[in-house]
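Throughout, a chain's letter reflects where its sequence line sits, starting with A, and its residues are numbered from 1.
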2 protein chains.
Amino acid sequence: MKKDVKKNITIYDIAKEAKVSPTTVSRVLTGNPLVKESTRQLVLEKMKELDFTPNEAARSLTTKQTNTIGFILPDITNPFFSQVYIEVEKKALDLGFTILLRNSMSNSEVESAHLKEFTEKRVECIVFMGGRINKVQPSEEEINEMREVVKRVPVIMVNGKMKDVNCYRIRTNEEEGIRLTVEHLVSLGHKKIGLIGGVKGITSLDLKTAAYRKSLKAFDLEVNPNWQVPSGFSIEKGREAMKQLLSQKDLPTAIIGINDLVIYGALKECREQNISIDNFSFVGFDDIFPSDIVHPSLTTVNHNYDILSSEIVKIIQNIKVGKASKKGKIINTKLIIRESTKEV
Amino acid sequence: MKKDVKKNITIYDIAKEAKVSPTTVSRVLTGNPLVKESTRQLVLEKMKELDFTPNEAARSLTTKQTNTIGFILPDITNPFFSQVYIEVEKKALDLGFTILLRNSMSNSEVESAHLKEFTEKRVECIVFMGGRINKVQPSEEEINEMREVVKRVPVIMVNGKMKDVNCYRIRTNEEEGIRLTVEHLVSLGHKKIGLIGGVKGITSLDLKTAAYRKSLKAFDLEVNPNWQVPSGFSIEKGREAMKQLLSQKDLPTAIIGINDLVIYGALKECREQNISIDNFSFVGFDDIFPSDIVHPSLTTVNHNYDILSSEIVKIIQNIKVGKASKKGKIINTKLIIRESTKEV
DNA sequence: TTGTAAGCGTTATCAT
DNA sequence: ATGATAACGCTTACAA
């Protein structure tokens, strides 16, 4: 009968085969230069021969390093998040970091589970997007949990924050994005501008709404509450918002979306109702890739993903080498003008 | 001066505080029922008090379990992959598995690095999409590496394969998808049907091309090599293919894309050239989410993501409990008919 | 340049 | 119901 449990190959096995000590094997593993070239070769050879692969768990148990960073975001199928994520992954890889991606679906319990996993896995940093850090009023438990977490591991909040939680913050200059948007629309002659999507109590809406109102006032434009239609952040919610907007008599000539997705929904709703898209100018936010291929292609606010991700990774790098980073960083936006905005 | 290195809290610390043995602490950690309720409570209390979090590395070093599965895919920003990924993640989570996502960008060296990482991290299963497993002629090294990998850890190849590599395979019935597409177009009166996108030597093109030709022949339709324009898999490549196609005099009336993305590019190119979209019927493949919001909305082949991901997770589950799974599984497709196809 | 031995923080085995 | 002790597989002083 064959032994059905084949023993794991360890550095001890390699050591025995190569007639050296385990320490020496470890040295070649870690790239320690204090090894005679000939023995290094011998050890390497035996490793290949025995098909040896070092055990990461054992390694990080002794070194107390995991070179791992945890990344929580609401939903990777949303191009906004996948775009940020992949940039960070690429850059982190160059630094020798490996990422643990977790989708929260903006669900607080799921977030808690991920946070717990991250601490048990001893990640060296947590990047947090969405969910509780976008709530205007997070619960006490949510806050307390985050406080506990930041005691053990540095947290980078991206486009969000939490009161009295000590962490790094990187955020898009959403106010600027909205300001640029309004200025652009005004330059096209628009005087009646609406804002659809988002959820009250979620900061991205509150931030944008404030900037929207401020910009309108700066141009002495009408601030009509009926033109502000919160609904959500998805395509479907965008449709709903547009539907509600269209049910009114007095309509804006330009519509800003809390993000690109809701505008896709708005376009869809117009078509559904056989209302010409040309009745309105549309502006999104995020500049996710489909915005360049929908028709009309969408004018939208770009986050400068490259800079955003660079800043995230810069902090990670500093954490690694024990250097301080600035706690807050604001990334400016740029307006990408496409076909969906035109003179009124 | 404060001690700047705070000691890690271990089960020994908890044991001391609770005046029990580390073993008992470990027992409450693993949920072992052989612990008096009162001591369990005491231990739990001390854990909270000392802010203890078990060390996953130590745990998996002794248990030899990681409950981790590795997932390699080309690019998570592609909605096709993110859709599959998130479904798998969700279902795997319910099984107590955690996923390590890695983007390969279809780069063989990157794949190798990820595979190495996975084996060092002792993942219990690898899900592989794209890259080398879609090559008609993978290199010897690529094959050998995979052979080494499958010796140590089960691999599930999704929509790909590798000769003489012992692994699980799940694949979309691409042939059926193409057949359904052609049948649909024929039912609309189309007789001249083209196929754009893909790269020669990548199986998805070869498979689809074969099915396309077979279906055309079944209907006695013209198989015109000029209407088959390989180019790539991206929006941009779709534009290029369409450009090349449009440069010809004799044009098809219907165009099938290797995937949805290339059709987005094709639509864009038509608009760029001021050629009416209505001159053609378009069909994509994958049914990624933007296909419902582009205009005209895109008729396309859906992979049955739910079934696809369920089958992947089913295999993982079987591996976990040591049960055998069928080595191959084919998932049928469904044609989603939208606005981009119409009578000729 | 190489080796010995201790330690990392768990779980598993075997007693009691 | 609880405890002592030995793994697990590596790295790291410290020695030689």
Side-chain angles (χ1 to χ4, degrees), chain A residues 5-44 46-47 50-68 116-117 119-124 152, chain B residues 5-44 46-47 50-68 116-117 119-124 152:
Chain A
V5 179
K6 57 180 151 194
K7 189 185 166 306
N8 286 305
I9 308 296
T10 73
I11 55 170
Y12 284 86
D13 301 307
I14 306 298
K16 200 170 292 173
E17 284 289 312
K19 301 192 198 316
V20 296
S21 75
T23 306
T24 300
V25 179
S26 172
R27 286 202 181 93
V28 349
L29 227 40
T30 54
N32 189 318
L34 306 174
V35 186
K36 213 203 305 175
E37 185 54 27
S38 61
T39 56
R40 171 191 312 283
Q41 288 308 328
L42 178 60
V43 167
L44 250 22
K46 294 303 178 187
M47 283 181 175
L50 297 193
D51 200 15
F52 166 81
T53 312
N55 183 316
E56 179 68 30
R59 187 185 307 218
S60 66
L61 187 58
T62 54
T63 62
K64 295 161 175 307
Q65 291 212 341
T66 57
N67 293 319
T68 292
K116 183 166 173 242
E117 188 205 342
T119 49
E120 297 191 353
K121 288 216 162 81
R122 302 293 193 260
V123 301
E124 295 176 14
R152 321 174 129 266
Chain B
V5 179
K6 57 182 149 190
K7 189 186 166 304
N8 286 306
I9 308 295
T10 73
I11 54 171
Y12 283 87
D13 301 307
I14 306 298
K16 199 170 293 174
E17 284 290 313
K19 302 191 197 316
V20 296
S21 75
T23 307
T24 299
V25 178
S26 172
R27 286 203 181 92
V28 349
L29 228 39
T30 54
N32 189 318
L34 306 174
V35 185
K36 211 202 309 174
E37 185 54 27
S38 60
T39 56
R40 170 190 312 283
Q41 288 309 328
L42 178 61
V43 167
L44 250 23
K46 294 301 177 188
M47 284 179 172
L50 297 192
D51 201 15
F52 166 80
T53 312
N55 183 315
E56 179 69 30
R59 187 184 306 214
S60 67
L61 186 58
T62 52
T63 62
K64 296 161 174 308
Q65 291 211 343
T66 58
N67 293 319
T68 292
K116 183 164 172 243
E117 188 205 342
T119 49
E120 297 191 353
K121 286 217 162 82
R122 303 292 193 259
V123 301
E124 295 176 15
R152 320 173 128 268

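- Taking atom CD of residue Glu120(B) and atom P of nucleotide dG9(D), one finds them 15 Å apart after rounding to whole Å.
- Here Thr23(B) does not reach the OP1 or OP2 of dG3(D): none of its side-chain N or O atoms lies under 4.0 Å away.
- If you measure from atom CG of Leu50(A) to atom C1' of dG9(D), you get 15 Å, rounded to the nearest angstrom.
- Using a 4.5 Å heavy-atom threshold, the side chains of Met47(B) and Val28(B) count as touching.
- Between the OG1 atom in Thr66(B) and the NZ atom in Lys121(A) there is a gap of 8.0 Å [rounded to 0.5 Å].
- At whole-Å resolution of the value, NZ in Lys121(B) and P in dG9(D) are 18 Å apart.
- Between Val20(B) and Arg122(B), the one whose closest nucleotide on DNA chain D sits nearer the 5' end is Val20(B).
- Remark: Thr119(A) OG1 to Glu117(A) CD distance equals 9.0 Å, nearest 0.5 Å.
- When atom types are taken as modelled, the side chain of Glu124(B) and the backbone of Gln65(B) share no donor-acceptor pair closer than 3.5 angstrom.
- Within the helix from dT1(C)-dA16(D) to dT16(C)-dA1(D), the inter-axis angle between the opening and closing five-pair segments is 30°, rounded to 10°.
- Interface limits on DNA chain C: the 5'-most and 3'-most nucleotides within less than 4.0 Å of chain A heavy atoms are dT1(C) to dG9(C).
- Straight-line distance from the CD1 atom of Ile11(A) to the C1' atom of dT11(D): 8 Å, rounded to whole Å.
- A heavy-atom distance below 4.5 Å is found between the side chains of Phe52(B) and Ile11(B).
- Atom-to-atom, CG of Asp13(A) to P of dC8(D) comes out at 11 Å; the value is rounded to the nearest Å.
- Whole-Å rounding puts the Arg27(B) CZ to dA1(D) P distance at 10 Å.
- Within the 4.5 Å cutoff, no side-chain heavy atoms of Ile9(A) are placed close to those of Asp51(A).
- Within residues 52-68 of chain A, the residues that place at least one heavy atom under 4.0 Å from DNA chain C are, in residue-number order, Leu61(A), Thr62(A), Lys64(A).
- Across Ala18(B) and Val43(B), no two heavy atoms sit closer than the pair CB-CG2, 4.2 Å.
- Not a single donor-acceptor pair, N or O on each side, falls under 3.5 Å between the base of dA1(D) and the side chain of Thr39(B).
- You'll find the side chain of Leu50(A) reaches within 4.5 Å of the side chain of Glu17(A), heavy atoms only.
- Remark: the Tyr12(A) side chain and the dC10(D) base include a donor-acceptor N/O pair separated by less than 3.5 Å.
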Could you go through the side-chain contact (heavy atoms from CB on, under 4.5 Å) check for Arg27(B) and Thr23(B) one step at a time? CA-CA 6 Å; Arg27(B) 286 203 181 92; Thr23(B) 307; 3.4 Å; yes
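- At a threshold of 4.0 angstrom between heavy atoms, the contacts of Thr10(B) are confined to the sugar-phosphate backbone, with no base atom among them.
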Step-by-step side-chain contact (heavy atoms from CB on, under 4.5 Å) determination, Val25(B) to Lys46(B): CA-CA 10 Å; Val25(B) 178; Lys46(B) 294 301 177 188; over 6 Å; no
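- When heavy atoms are screened at a 4.0 angstrom cut-off, Thr24(B) is found touching the sugar-phosphate backbone but no base atom.
- From Leu44(B), atom CG reaches atom CG of Leu29(B) across 9.0 Å, with rounding to the nearest 0.5 Å.
- Looking only at atom types and distance, the side chain of Arg122(B) has no donor-acceptor partner in the side chain of Ser60(B) under 3.5 Å away.
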